[in-house]
Amino acid sequence: MVALLDRLLSEDEDLRVRLLTFTRAATAELAQKAVLACEKAGLPSTVHSFAISVLLRNPGVAGLPEPIRIADSWELKTIVRPTLARRAGLTVDKVKKLIQEMSANWESLTKEVLVGVPAEERTRFLGAWMEHRRVL
């Protein structure tokens, strides 16, 4: 891919390219290997980071609460997890595990579920999660 990018960019100076990867590790590796492409196209980013940057540059297009932001670790620990746990009737620890599961599924694009989480609890968590997304 790096060789192809270098060739295409050397043939067409006006070519517009955006380098996206799925993980931060792949982004860092691509930045090291695609020096010419990075000089012309800018540093690569993850798909997630790129999507957030598009949303931030185009307020209101996604129907999400404004301003769009990601909770920091203090907010996640002190506000988000306890609120979700209360709304779903689960422990904070179980909510933390379900959030990690959801995140892992997004990152890997696979559907894996935690063993030992009853369907009823998962449904309550997902309902609380969707409500949380609308409100917060």
Original post:
Roughly how far, to the nearest 0.5 Å, is CD of Glu131 from CG of Leu84?
Top reply: 9.0 Å
Original post:
Out of curiosity, Lys96 NZ to Leu90 CG, how far, rounded to the nearest 0.5 Å?
Top reply: 15.5 Å
Original post:
Are the side chain of Glu75 and the backbone N or O of Asp72 linked by a donor-acceptor pair below 3.5 Å?
Top reply: yes
**OP:** Under the side-chain contact (heavy atoms from CB on, under 4.5 Å) rule, what do Trp129 and Val95 come out as? Steps first, then yes or no, please.
**Re:** CA-CA 10 Å; Trp129 177 262; Val95 165; over 6 Å; no
Subject >> hydrophobic_cluster_shared for Val92 and Ile79, side chain cutoff 4.5 Å >> reply: no
Original post:
Any side-chain heavy-atom pair from Val17 and Leu8 closer than 4.5 angstrom?
Top reply: no
**OP:** Hey, could you give me the CG/OG1 distance between Leu19 and Thr27, rounded to the nearest 0.5 Å?
**Re:** 9.5 Å
**OP:** Please indicate whether Arg16 has more than 12 foreign heavy atoms, meaning atoms of other residues, nucleotides or ligands, lying under 6.0 Å from its CZ.
**Re:** no
Original post:
Are any of the side-chain nitrogens in Glu101 or Lys97 under 4.0 Å away from the carboxylate oxygens of its partner?
Top reply: no
Subject >> Contact summary for Pro118 and Lys94, nearest pair of heavy atoms >> reply: CD-NZ, 4.4 Å
**OP:** Kindly give the heavy-atom pair with the smallest separation between Glu29 and Lys33, and that separation in Å.
**Re:** OE2-NZ, 2.7 Å
Subject >> From Thr46 atom OG1 to Ile52 atom CD1, the distance as rounded to the nearest 0.5 Å >> reply: 7.5 Å
Original post:
With sequence neighbours left out, what residues match Asp14 under salt bridge (charged side-chain N to carboxylate O under 4.0 Å, His left out)?
Top reply: none
Subject >> Intermediate values then yes/no, side-chain contact (heavy atoms from CB on, under 4.5 Å), Leu30 and Leu43 >> reply: CA-CA 9 Å; Leu30 186 58; Leu43 292 174; over 6 Å; no
Subject >> Audit row: Ser45, Leu20, side-chain contact (heavy atoms from CB on, under 4.5 Å) steps and yes/no >> reply: CA-CA 5 Å; Ser45 66; Leu20 302 176; 3.5 Å; yes
Original post:
Between Arg87 and His132, does a side-chain contact (heavy atoms from CB on, under 4.5 Å) hold up when you go through it step by step?
Top reply: CA-CA 9 Å; Arg87 292 188 180 275; His132 163 78; over 6 Å; no
Could you list the donor-acceptor pairs under 3.5 angstrom formed between side-chain atoms of residues 53-60 and any protein atom two or more places apart in sequence or on another chain?
unit_1, atom_1, unit_2, atom_2, d
Ser53, OG, Phe50, O, 2.6
Ser53, OG, Arg57, NH1, 3.4
Asn58, ND2, Val54, O, 2.8

